[in-house]
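Here's the structure, in C-alpha cells; my notes come after.
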Amino acid sequence: MSSFDPAVLDRLRAAAQEAAARAYAPYSKFYVGAALLFDDGSVVTGCNVENVSYGLTSCAERNALFRAISERGPEPKIVAIAVANAAGAPCPPCGACRQVMSEFVAAGAVVTFPGEHGWETISFARIFPSSFHFVPETR
Ligand code: THU
C-alpha cells in the first residue's frame, strides 16, 4: 500500500533498472540498481560494485545513499527507494542496507522492489521496524 502516484514509482523503478545496467558484478553476475527519490522530486541512483576480495562488495542501495549524502548532505529526506536487478529476480534490500537507510528516510517513506509476484511496495517502517539506535552514555 502506498499513497504515491503510480507513475512516480514507475519512473523510480525505471531509474533503478537503468542503474543496474551500470553495475560491476563480474563475480555474482547479479546486477542491482537502486534509485532514491527525495522530497524535492530529485532522484539519485547507484549500482552494486563488487571486488575480487568478495567482502569488499558494496550494494546498490548503499552506493546510491552514500552518493546522495556526498552530493547534498545528510538530511533525512528520502521519500521512496526503488531496487531493481537485471535478472528481474525477487530483490528486497538486504538487512545491512535497511539499517543504513534507516537514518536518512523521511517519515512515511516507501520501498518498492521485485517480489515473488511482481513489484511490491511497502513502507520503510514495515520493512525495517526495529533499527539499531545508539544512545551515547552521558556520564
Ligand atoms: N546486492 C545489492 O546490491 N543489494 C542488495 O540489497 C542485496 C545484494 C548485491 C551485492 C552483490 O554484488 C550481489 O548483489 C549478489 O549478492
Side-chain angles (χ1 to χ4, degrees):
M1 279 274 289
S2 150
S3 58
F4 276 85
D5 177 349
V8 169
L9 290 183
D10 274 349
R11 281 199 295 276
L12 199 63
R13 292 176 189 129
Q17 203 81 56
E18 282 171 26
R22 295 188 287 272
Y24 177 70
Y27 308 107
S28 73
K29 304 204 182 324
F30 193 61
Y31 305 93
V32 186
L36 312 176
L37 176 66
F38 287 80
D39 65 349
D40 64 357
S42 61
V43 172
V44 175
T45 63
C47 58
N48 55 331
V49 179
E50 298 188 343
N51 190 269
V52 66
S53 177
Y54 296 171
L56 302 183
T57 290
S58 190
C59 290
E61 297 91 322
R62 271 176 286 167
N63 285 343
L65 186 77
F66 295 153
R67 177 186 180 190
I69 291 164
S70 300
E71 288 176 352
R72 57 184 71 204
E75 291 297 313
K77 290 179 177 167
I78 296 168
V79 296
I81 299 158
V83 186
N85 63 87
C91 186
C94 81
C97 288
R98 294 180 201 194
Q99 173 68 38
V100 172
M101 290 189 295
S102 71
E103 299 196 15
F104 302 101
V105 290
V110 300
V111 187
T112 186
F113 57 88
E116 299 295 332
H117 308 286
W119 287 96
E120 275 183 38
T121 303
I122 62 180
S123 71
F124 189 82
R126 197 168 145 229
I127 203 173
F128 198 59
S130 300
S131 62
F132 171 71
H133 293 286
F134 175 64
V135 182
E137 266 189 57
T138 50
R139 62 189 165 85

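Since we're looking at a predicted model, the values are computed, not measured. Index from 1, following the sequence.
Under the 4.5 Å side-chain contact rule for hydrophobic residues, I81 and F66 share a cluster. Criterion: ILVMFWY side-chain heavy atoms under 4.5 Å apart, direct or through other members. Under it, V100 and V49 are not part of a common hydrophobic cluster. Tracing side-chain contacts under 4.5 Å through hydrophobic residues (I, L, V, M, F, W, Y), one reaches F124 starting from I69; they form part of the same cluster.
In terms of heavy atoms, A20 sits closest to A86 at CB-N, 4.2 Å. The shortest non-hydrogen separation linking C94 to C59 is SG-SG, 4.0 Å. When all heavy atoms are compared, the tightest approach of P93 to F113 is CD-CD2, 4.1 Å.
At distances below 3.5 Å, at least one donor-acceptor pair connects side-chain atoms of R67 with backbone N or O atoms of T45. Side chain of N85 to backbone of G88: a donor-acceptor contact under 3.5 angstrom is found. For the pair E50 (side chain) and S28 (backbone), a donor-acceptor distance under 3.5 Å is present. Put simply, the side chain of T112 gets close to the backbone of E120: a donor and an acceptor are under 3.5 Å apart. Between the side chain of Q99 and the backbone N or O of F132, at least one donor-acceptor pair lies under 3.5 Å. A donor-acceptor pair is defined here as one N or O able to donate and one able to accept, closer than 3.5 Å; no such pair exists between the side chain of N48 and the backbone of A25.
For the pair R11/V43, no side-chain contact is recorded, criterion being any heavy-atom separation below 4.5 Å from C-beta on. Side-chain atoms of I78 and F38, non-hydrogen and from C-beta on, do get closer than 4.5 Å to each other. Taking 4.5 Å as the limit, some side-chain heavy atom of P92 sits within range of a side-chain heavy atom of R98. Within the 4.5 Å cutoff, the side chain of M101 has no heavy atoms near those of the F128 side chain. Side-chain contact between F4 and L37 is present, with heavy atoms from C-beta onward closer than 4.5 Å.
To the nearest 0.5 Å, the span separating CZ on R62 from OG1 on T57 amounts to 10.0 Å. Put simply, CZ on F104 and CG on L65 are 5.5 Å apart, with the number rounded to the nearest 0.5 Å.
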Please test Y24 against C47 for side chain to side chain contact (heavy atoms under 4.5 Å, CB included), starting from the C-alpha separation and ending with a verdict. CA-CA 8 Å; Y24 177 70; C47 58; over 6 Å; no
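Environment of CD in E71: crowded, with over 12 heavy atoms of neighbouring residues, nucleotides or ligands closer than 6.0 Å.
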